[in-house]
Amino acid sequence: MDLPPNSLTAQSNTYRSDAHSSDSAAAFPPGKGVFAQPQSSNGFSGIKLPWQGDGSGTQDTADIVASLWRYRWAVLIPIALGLLIGFLVFLKTPETYQSATLLMFESDRPAVVDTMTGDMLGGIPSIDVLRSQLFSDTVLNATYNDERLKPFHEEFENNSIIFESVAFKSLEFETALQESRGASSVVANMTFEHTDPELCEAAIKAFSSSLQRFFADKHNSSRSELMNLIEVATQQMQPKLSELEQRYRDFRTTAPLVWNSDGEAINPHRERQLYLAGRRSELFEDLRSKAIALSAIKSIAKEASDPVVGMSVIGQLIGKTFTIPGYSAGDQIVRDGDEELALIKLDQQLIPLMIQRSKFVAEFGEQHPTVKAVDAELTMMKTELKRLVSEQSGRIVELMEKNRVEQFDPVKRAEEAVNVILIASEAEVELLEQQIGEIDSQITVEKAEAIKLARFEQENAALLREMDRNRELINQLAEQMARVEITEEDGGLRLTELRAPSRAYRVGPILLLILAIGLVSGAAFGCGLALLLEKNANTFRDPDEIVSAIGAPILTHVPFFKGKIRKSKPNSPNPFEELDPYLAVVHNPASVPAEAIRSCRTSLFFELSGIRGGKILQVTSPLPGDGKSTIAGNLACSIAQSGKRTLLIDCDLRRPQVSDNFDASTKLGLIDVLSGNCDHVEAIHDTPLATLKMMPSGPIPANPAEALTLPEMSELLDLLRDEYDYIIVDTPPLLVVTDPSILASMVDGVVVALKIRRKSKPNTKEAAGILRNVGARLLGVVVNNSDEAASSDGYKGYGYYRYGRHTNRYYRKQGSEAAKRRSPVVVSGRNSGLRAGKPIKSVTPVDLTSVNGLDEESNS
């Protein structure tokens, strides 16, 4: 069988009731009309599935939890192994013991910062310094030679190096403060851990005693050594400083340098050189300004046409005023005799009268008599005044000519003055050039003398630096001596044992800790293994993955269904008693699986109504066991119940399960029609449903794929289109044989039955690819056994089947009574054409519940 018991399946809480949709679909045959009923692309009528997330960030967490639950065995087994390994480690690990003591370090000197050097004075050293002193060779050797540890020397092979390596591993020294530097006291916990409890007690006592002696000896020895070193250094530095001071006094007596009041050495020739350089800069600036003025005077004297004007400009240039006696009065006469200037003054006298005229014009206008009278007055005054000006100017010019002849010539005087100015300026520039030359020669001499004295300056600086360095060293030694004396007075660093070394106590191994580590490690490994298995499962987890994988909607989800047939009674016969118990739509029409089939029927009505002449529907599956034969039988019964003339053809010529489901395995069938043994009307048989006809497969052929490629097959389907409203064709699985891909090109649509199992994702994608390659129209997917995934590791099924190994075994088993006429035959076609059969009349849909007498039992 294609489907094992409990294969018919659905989703009870997914779909709406189809009781009314059945009647509505009967009222609207394909191609005639469509009743509006919104349905999502995945086959759901707007209902949210339990596994569909809400789009929030919690969906990923829910998926991980679901994956871990599906593969909980992969998580629990590593956890159990981790706990077991942890317990074994606990048994194999030797017991360890620990002994501890509490020490306190105190400093009598408070921690202060030296303002001169920035060093921290007093206080407790850092924890690293204390730990390094604990593990120093002095403390380790003293501990090893302690009387308490001598009985254990044989354990260390009388080798102190072995003891040191054990001490490094077993001894711990910790303080409550991470940084003890600057504290006046600090408490440290010292522990020793080992498998021998007696060694722990002896070692911790020996280390405590050795560390106390170390600090006491260190305090005394270090202070004495430091004081001796400081005293020796001071005695060596003092004579050297006295010698340097004597050398410096002798140097100042003989050196040709000069010392100021501050004791600084001065080179007199360099000072003279610097003074002369400054003086030269001043003279050079004066020379440059005088040379520019001389050049300007020469240019003015050459370009000026009037010597008097030139002399005036030169005076302004050099900041002096030059006058020619008697020339100023004549100049005034010239200005007074200028006629144009007089006319300008005349206009200035007439301004009040002109302002009055403007007021009259603004008030009365240009043509007013008052304005005209003012214009006449202005014209008369200008005429008379101009005549007087002309006479005055003529007289003044006459007087000027007379005066020039009688007195002197100012132009000649101006030329002489300009020449004098030029000669004086040239002499001044030449004098400045001579002074600069003399200063340059003096600077050269002073520079040479200063270079000779530079050696004495360098020697003076070197002596001063060496004396300062020696004085600084002596002062530092004195400060160190004072610090050592303060330490001696205060007592320095003291070590006190606050708590005596404890008796050794067991610290390991800890069973709970080891088991916790094993539990966490096993859980981490198990979770990783579960997620890896989930990733490699290649199965579908939600409907959206199926839709995206094959590019077609989900028509319905059929839940698990346990077939059960009602036995006939004398007063209530069961016409469907001979049919397969998994035909839920006839045996239990009120069940959830039957409702899911009706929902699929409604979706197919809509899909086929959009296809011109869409009547023939093929049902197939990727692999055996997906329940395609049971889906095909239930779908055919459901369509027939809606009043449609329906024909169910069993085209599975290798293992005809539909023929067995309808108890027609021994009747004439498809192979008899294709072979010409009978007409197609003889191979179509009645069923308990009035509108459903059945054409079994007939005898099993030796060449099933070739039989379906015969022209008679296509001719038969074309003939049956006119006789029936819908034709359901059951075909073998797509991945096992080529039969379904042959028929896919002859039908109007294909429905794929799919049972979710491991490795079902690649199988489904490959099956969809086969249908696309042959140009088939994939209408949708029916997900079978959709609620069986709650068991096992997520999806209970048959596992992954390789396609090839099913091919040779996909035939009916021999030996049954029905197999007598099922011996392989070769189909070569028929010699005559097919005759049209008598069409089946449409019948009104009936209430199958009342017909079967199931109205009482179905409700119960």
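When reading the values below, keep in mind they use all heavy atoms of this one structure, side chains included, and skip hydrogens, waters and symmetry mates.
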Could you please spell out the steps behind the side chain to side chain donor-acceptor pair (under 3.5 Å) verdict for Gln212 and Ser208?
-> CA-CA 6 Å; Gln212 293 181 52; Ser208 178; 3.3 Å; yes
Verdict with supporting geometry, Arg131 and Asp128, salt bridge (charged side-chain N to carboxylate O under 4.0 Å, His left out) = CA-CA 5 Å; Arg131 187 179 289 109; Asp128 294 332; 3.6 Å; yes
After noting the C-alpha distance and the side-chain angles of Phe215 and Gln133, does the key distance pass the side-chain contact (heavy atoms from CB on, under 4.5 Å) rule?
-> CA-CA 9 Å; Phe215 276 102; Gln133 292 173 344; 3.0 Å; yes
Show your working on side-chain contact (heavy atoms from CB on, under 4.5 Å) between Thr496 and Leu103 and close with a plain yes or no.
-> CA-CA 6 Å; Thr496 306; Leu103 305 175; over 6 Å; no
Please step through side-chain contact (heavy atoms from CB on, under 4.5 Å) for the pair Asp196 and Tyr97, ending with a clear verdict.
-> CA-CA 7 Å; Asp196 187 353; Tyr97 297 86; over 6 Å; no
Working for side-chain contact (heavy atoms from CB on, under 4.5 Å), residues Glu271 and Ile266 = CA-CA 8 Å; Glu271 294 293 325; Ile266 298 175; 3.4 Å; yes
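Rounding to the nearest 0.5 angstrom, the gap separating the OG1 atom in Thr96 from the OH atom in Tyr505 is 10.5 Å. Distance CG/Asn267 to NZ/Lys452: 12.0 Å, rounded to 0.5 Å. Rounding to the nearest 0.5 Å places CG of Asn189 at 6.0 Å from CZ of Arg499. Rounding to the nearest 0.5 angstrom, the gap separating the CD atom in Glu155 from the CG atom in Leu149 is 10.0 Å. Once rounded to the nearest 0.5 Å, the distance linking CD of Glu264 with CG of Asn460 reads 10.0 Å. Annotation: the span from Ile443 atom CD1 to Leu274 atom CG amounts to 9.5 Å, rounded to 0.5 Å.
The existence of a salt bridge linking Glu245 and Arg471 is confirmed by a sub-4.0 Å separation between a basic side-chain nitrogen and an acidic carboxylate oxygen. Salt-bridge check for Arg279 with Glu282: passed, with a basic side-chain N closer than 4.0 Å to an acidic carboxylate O. We find that Lys150 and Glu147 are joined by a salt bridge, their nearest charged nitrogen and carboxylate oxygen being less than 4.0 Å apart. At a threshold of 4.0 Å, the pair Lys240-Glu243 does not count as salt-bridged, since none of the basic side-chain nitrogens sits closer than that to a carboxylate oxygen.
Remark: side-chain polar atoms of Ser209 are not paired, donor with acceptor, to backbone N or O of Ala206 under 3.5 angstrom. Using a distance-only test at 3.5 Å, with no hydrogens or angles considered, no donor-acceptor pair links the side chain of Asn470 to the main chain of Leu241. Judged by distance alone, with hydrogens and angles left aside, the side-chain atoms of Ser99 form a donor-acceptor pair with the main-chain N or O of Ser502 at under 3.5 Å.
Of all the heavy atoms in Ile510 and Val507, the pair that sits closest is CG1-O, 3.7 Å. Here the closest heavy-atom approach between residue Thr191 and residue Ala100 is recorded as CG2-CB, 3.5 Å. Closest heavy-atom contact between Pro509 and Pro94: CD-O, 3.7 Å. Between Ala291 and Val429, the shortest heavy-atom contact is N-CG2, 4.0 Å. Between Ile204 and Met190, the shortest heavy-atom contact is CD1-O, 3.4 Å. Here the closest heavy-atom approach between residue Glu438 and residue Ser441 is recorded as O-OG, 2.5 Å.
Residues passing the side-chain hydrogen bond (donor to acceptor under 3.5 Å, both in side chains) test with Arg270 are Glu457, sequence neighbours excluded. For Phe525, the ring pair (Phe, Tyr, Trp, His ring centres under 6.0 Å) test picks out no residue, with sequence neighbours left out. The salt bridge (charged side-chain N to carboxylate O under 4.0 Å, His left out) test applied to Glu459 returns no partner, not counting sequence neighbours. Applying the salt bridge (charged side-chain N to carboxylate O under 4.0 Å, His left out) rule to Glu426 yields the partners Lys298; only residues at least two apart in sequence or on another chain are considered. Evaluation of the salt bridge (charged side-chain N to carboxylate O under 4.0 Å, His left out) rule for Asp440 yields Arg280 as partners, not counting sequence neighbours.
Contact check for Leu495 versus Met104: no side-chain heavy atoms found under the 4.5 Å cut-off. Using a 4.5 Å heavy-atom cutoff, the side chains of Thr101 and Lys205 are not in contact. No side-chain heavy atom of Ile292 sits under 4.5 Å from any side-chain heavy atom of Ser289. In this structure the side chain of Leu464 reaches within 4.5 angstrom of the side chain of Met467, judged on heavy atoms. Counting heavy atoms from C-beta outward, Phe192 and Gln98 have side chains that stay 4.5 Å or more apart. Side chains of Ser185 and Phe105 form no contact here, defined as non-hydrogen atoms less than 4.5 Å apart. Looking at Cys200 and Arg503, their side chains never come closer than 4.5 Å, going by heavy atoms from C-beta outward. Residues Leu199 and Phe156 are in side-chain contact: their nearest non-hydrogen atoms beyond the backbone lie under 4.5 Å apart.
For the 3.5 Å distance criterion, the side chains of Thr143 and Ser210 qualify, holding a donor opposite an acceptor. Gln246 and Asp250 form a side-chain donor-acceptor contact under 3.5 Å, judged by distance and modelled atom types alone.
No more than 12 heavy-atom neighbours from other residues, nucleotides or ligands sit within 6.0 angstrom of OH on Tyr275. Within 6.0 Å of CD on Glu430 lie no more than 12 heavy atoms contributed by other residues, nucleotides or ligands. Around atom CD of Glu157, no more than 12 heavy atoms belonging to other residues, nucleotides or ligands sit under 6.0 Å away. Counting heavy atoms of neighbouring residues, nucleotides and ligands inside a 6.0 Å radius, atom CZ of Phe251 exceeds 12 of them.
Of the residues Arg272, Gln273, His269, the one that meets the side-chain hydrogen bond (donor to acceptor under 3.5 Å, both in side chains) test with Glu446 is His269. When each of Glu428, Glu433, Gln435 is tested with Leu431 by the rule side chain to side chain contact (heavy atoms under 4.5 Å, CB included), just one qualifies, namely Gln435.
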Enumerate donor-acceptor pairs with a distance under 3.5 Å from any side-chain N or O in residues 166-173 to protein atoms, sequence neighbours excluded.
residue: Ser170; atom: OG; partner: Val166; partner atom: O; Å: 3.1
residue: Ser170; atom: OG; partner: Glu193; partner atom: O; Å: 2.9

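Aromatic rings of His153 and Phe163 (six-membered ring for Trp) have centroids beyond the 6.0 Å cut-off, not under it.
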